[in-house]
Amino acid sequence: MGEEEMEEVLKTLPVEKLPEGIDICFYEGHWYRSVFIHGIIKFQQHFKAQDTDLILATFPKSGTTWLKALAFTIANRNNYPVSESPLLITNPHSLINFLEFDFYGKNSILKLEDLPSPRVLATHMPHSALPTSIKNSNCRVVYLCRNPLDVFISFRHFAAKLSNKPFDPSLIKESFDMFCRGVSTYGPFWDHALEYWTASQERPNKVLFLKYEDMKEDPISHFKVLAKFMGLPFSVEEESQGVIEEALKLCSFNNLKDSEVNKYEKNRRGHPYNMFFRKGEVGDWANYLTPSMLERMNKLMEEKFAGSGLNFKFS
Ligand code: A3P
């Protein structure tokens with residue numbers, strides 16, 4: 001699709017505005033932020049996956065920043081000791097970049113050709129909307145999933161910051177209704193989660209499905225699973241030297257949140273890095289949502305995930 005044709009297509013897309021004022025549009029079954037739609041289509045059309053690529057995929061606010069830090073640390077542990085890790089002075093989003101914004105987005109300055117292989121790349125795209133070369137090549141995909149209620153609340157705080165407004169709890173009712181109707185960035189949420197879940201069941205060597213809640217509960221086991229999936233398992237020697245614990249501490253919420261770069265610096269789009277670190281907890285939704293909202297989500301998840309084996313416990 002050329003630029004002109006793309007502009008014509010974009011004019012025909014259904015659009016909505018999130019209560020925080022963010023424009024989204026509906027393209028081929030999913031909702032995307034309108035400002036990123038060009039990059040999304042270009043990524044779909046032009047990206048050529050390499051067999052050695054690792055793609056980190058997430059629904060926004062599922063712990064992408066954490067996953068990037070963990071995968072970066074695994075991939076680069078022989079290049080830098082923890083005490084000299086680039087993560088001490090660089091935000092994870094600047095070490096592992098998003099395909100649809102950072103490489104293919106409008107005004108992007110990063111070039112994929114400049115990256116050495118093996119590449120670690122990130123995306124929020126749903127599985128069904130990934131470029132075919134990702135599905136057809138031997139590259140691997142790690143999907144980090146998080147329960148939809150925490151995702152929803154985390155996004156409300158993030159959206160307020162994106163819009164330069166204070167968080168407004170009075171918007172929750174309307175935004176929750178939209179979320180439940182599937183109208184959210186990269187939504188519907190359940191399609192996103194279920195597509196990667198199914199792909200991970202069908203091709204476990206290609207797609208690894210992780211849950212934020214499981215990682216919080218048992219970070220060591222899941223970190224080892226991630227390293228193994230990346231083809232870089234920790235050796236017995238590394239384990240006995242405490243490399244895993246040290247790496248997890250480096251990537252921990254408190255450690256990253258309190259670093260100078262993440263406290264005070266901004267990304268290329270002018271957003272402060274501190275907006276990626278809020279509470280880092282499981283279950284914060286309970287401070288915002290009513291019992292009837294919980295019931296609505298429970299019913300929705302039961303219906304959408306029926307028979308799939310995928311579920312979320314909202315305890
Ligand atoms: P909360 O808003 O619930 O605190 P993403 O990285 O996909 O944008 O997701 C952001 C969410 O992950 C935020 O959740 C943020 O606080 C949390 N987060 C960021 N870094 C983290 C880390 N190192 N460990 C655990 N959670 C982290």
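Every value quoted in this text rests on a predicted model; they were computed, and no experiment measured them. Both ligands and their constituent atoms are indexed starting at 1 by order of listing. Starting from 1, each residue takes its place in the sequence as its number.
At under 3.5 Å, not a single nitrogen or oxygen of Phe59, backbone or side chain, sits near a nitrogen or oxygen of ligand 1. For a threshold of 3.5 Å applied to N or O pairs, the pair formed by Leu256 and ligand 1 contains no separation below that value. Some N or O of Thr65 is nearer than 3.5 Å to an N or O of ligand 1, by distance alone. Checked against a 3.5 angstrom limit, the closest N/O atoms of Cys251 and ligand 1 fall inside it. For the pair Ser62 and ligand 1, the shortest N or O to N or O distance falls below 3.5 Å. Checked against a 3.5 angstrom limit, the closest N/O atoms of Tyr212 and ligand 1 fall inside it. Of the N or O atoms in Asp150, none lie within a sub-3.5 Å distance of an N or O in ligand 1.
Of all the atoms in ligand 1, the ones that sit under 4.0 Å from a non-hydrogen atom of Ser252 are 23 (N). Close approach to Thr64 involves these atoms of ligand 1, each under 4.0 Å from a residue heavy atom: 5 (P), 6 (O), 7 (O). Close approach of ligand 1 to Ser154 is summarised as follows: ligand atoms under 4.0 Å from at least one heavy atom of the residue are 1 (P), 2 (O), 3 (O), 11 (C), 13 (C), 14 (O). Numbered from 1 in the order shown, with element, the atoms of ligand 1 that lie under 4.0 Å from a heavy atom of Gly280 read 1 (P), 4 (O), 16 (O), 26 (N).
For atom 8 (O) of ligand 1, the closest non-hydrogen atom on the protein side is Lys61 NZ, 2.5 Å. In terms of protein heavy-atom proximity, atom 16 (O) of ligand 1 is closest to Arg278 N, 2.9 Å. Protein heavy atom in closest approach to atom 12 (O) of ligand 1: Gly63 CA, 3.9 Å. The nearest heavy-atom contact from the protein to atom 27 (C) of ligand 1 is Phe253 CD1, 3.7 Å. Counting protein heavy atoms only, atom 15 (C) of ligand 1 is closest to Phe276 O, 3.3 Å.
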Which is it for Glu303 and Lys299 under the salt bridge (charged side-chain N to carboxylate O under 4.0 Å, His left out) test, yes or no, and what are the steps along the way? CA-CA 6 Å; Glu303 174 200 322; Lys299 277 200 186 130; over 6 Å; no
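Counting all heavy atoms, side chain and backbone alike, Asp102 lies closest to Leu110 at O-CB, 3.5 Å.
The option from His157, Lys279, Arg146, Glu281 that lies nearest to atom 3 (O) of ligand 1, judged by heavy atoms, is Arg146.
Listed by chain and number, the residues in a side-chain hydrogen bond (donor to acceptor under 3.5 Å, both in side chains) with Lys206 amount to none (sequence neighbours excluded).
Contacts between His124 and ligand 1, counted as non-hydrogen atom pairs separated by less than 4.0 Å, are absent for every part of the residue.
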